[in-house]
Amino acid sequence: MTLRKSLVAALAALTPFVATSAIAASVTVGFSQIGSESGWRAAETSVSKSEAQKRNITLKIADAQQKQENQIKAIRSFVAQGVDAIFLAPVVATGWDAVLNEAKDAKIPVILLDRDIETANKSLYLTAVTSDSVHEGVVAGEWLAKNVGSKPCNVVELQGTVGASVATNRKKGFDEAIAKHSNIKMIRSQTGDFTRAKGKEVTESFLKAENGGKNICALYAHNDDMAVGAIQAIKEAGLKPGKDILVVSIDAVPDIFKAFMVGEANATVELTPNMAGPAFDALIAFKEKGTVPPKWIQTDSKLYTPTDDPQKIYDSKKGLGY
Ligand code: AHR
């Protein structure tokens, strides 16, 4: 190969990378984030910033403090600013059509992160990067069924935010899994709004209502933060979380691995905080080559228990902004 030919070949090999970088560098994304109700949410915000930085994308984050009305305002403001795309982590599943139509009219693609919406018009968003949250509930329920065997087991449940797709789905999946086992009964279920404080408060009321907790065999929480609050309540009631009451939850935040290390929690299903990375990649491919992503980019749901080297996992996660 001549020198000229090899230079051309080298440049051709570099071109896709340069083009992607050039496009990414001129892209501004507005992210309507729910708030900071949980360690997982804090990590998602922090990982989104670093994933944007890696790609030279400008990311503007609006914190909605758990309110849909604030998210709607933020989306309108992003549309007015003429951003190139909008990421939306929808606090609840319904009520988005009008504002997403405004984004569509302005030709601004919307990508859903970590939660779904209910709409008859799927063209209102480009793609959704989420886990299979029904499956997360199934994994948690099957873990419980396997671990209690044929013993009778009364379960209490801490649900996530009312109306959030992940709360509805995590309940559905868990209920489906335990329905196959007549020895396992759901005796109480209430929202803890995905926060530690509410998780603790609601667990205290469960314990009081159930003979100081003696009637309860297991607690299922829709996220680890509520489980950590519940663990505190169980200890204060004089019982041993992880032994007297089994604790299974979702997210795999560093604090649940700390609880694994001292035997106070039993299982968690991981939800990656990196939803933005795949969303940025789909967006750049769409802008650069017109590649339409699949409607659902699914992230993994891995089960962890105390046998999975909790110290190592804790160390690998603790720098991620949880
Ligand atoms: O939508 C994801 C859920 O929202 C996480 O499991 C929970 O911790 C968060 O607040």
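Ligands are counted one by one from 1 in listed order, and the atoms in each one are counted from 1 as well.
- An N or O contact shorter than 3.5 Å links Arg115 to ligand 1 by distance.
- Interface atoms of ligand 1 facing Asp114, defined by a heavy-atom separation under 4.0 Å, are 1 (O), 2 (C).
- Relative to the six-membered ring of Tyr125, Lys104 misses at least one condition, a distance below 6.0 Å or an angle of at most 45° to the axis.
- Not close to ligand 1: Asp225, with no non-hydrogen atom less than 4.0 angstrom away.
- Ion pair Glu201/Lys198 not flagged as a salt bridge, since none of the NZ, NE, NH1 or NH2 atoms sits closer than 4.0 Å to an Asp/Glu carboxylate oxygen.
- The atoms of ligand 1 that sit less than 4.0 Å from any heavy atom of Val166 are 1 (O).
- Remark: ligand 1 atoms within the under-4.0 Å shell around heavy atoms of Ser38 are 7 (C), 8 (O), 9 (C), 10 (O).
- Partner of Ile245 under the side chain to side chain contact (heavy atoms under 4.5 Å, CB included) criterion, chosen from Thr203, Val155, Ile234: Ile234.
- At a heavy-atom cutoff of 4.0 Å, ligand 1 is contacted by no atom of Glu44, backbone or side chain.
- Look at Arg170 and Glu136 and you find a salt bridge, because one of the NZ, NE, NH1 or NH2 atoms lies within 4.0 Å of a carboxylate O, short of that distance.
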Exercise for review: Test Thr119 against Asp97 for side chain to side chain donor-acceptor pair (under 3.5 Å), laying out the working first.
Suggested key: CA-CA 7 Å; Thr119 178; Asp97 280 35; 3.0 Å; yes

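- In plain terms, the two heavy atoms of Ile61 and Gln33 that are nearest each other are CG2-CB, 4.0 Å.
- Ligand 1 is never approached by Glu136 to a heavy-atom distance shorter than 4.0 Å.
- Per-residue contacts place Arg170 under 4.0 angstrom from the following atoms of ligand 1 (heavy atoms of the residue considered): 5 (C), 6 (O).
- Ring centers of Tyr304 and Phe257: under 6.0 Å apart, within the cut-off.
- The only option from Lys258, Lys235, Lys243, Lys240 that meets the side chain to side chain donor-acceptor pair (under 3.5 Å) definition with Glu264 turns out to be Lys235.
- In terms of N/O distances under 3.5 Å, ligand 1 is not approached by His222.
- Near Trp40, with a cut-off below 4.0 Å to any heavy atom, the atoms of ligand 1 are 2 (C), 5 (C), 8 (O).
- Every atom of ligand 1 with a heavy atom of Glu37 under 4.0 Å away is listed here by number and element: 4 (O), 9 (C), 10 (O).
- Between the CZ atom of Arg41 and the OH atom of Tyr322 there is a distance of 12.0 Å, given to the nearest 0.5 Å.
- Of the heavy atoms in Ile250, none comes closer than 4.0 Å to ligand 1.
- With Asp251, Thr130, Thr161, Asn223 as candidates, the residue nearest to atom 6 (O) of ligand 1 on a non-hydrogen basis is Asp251.
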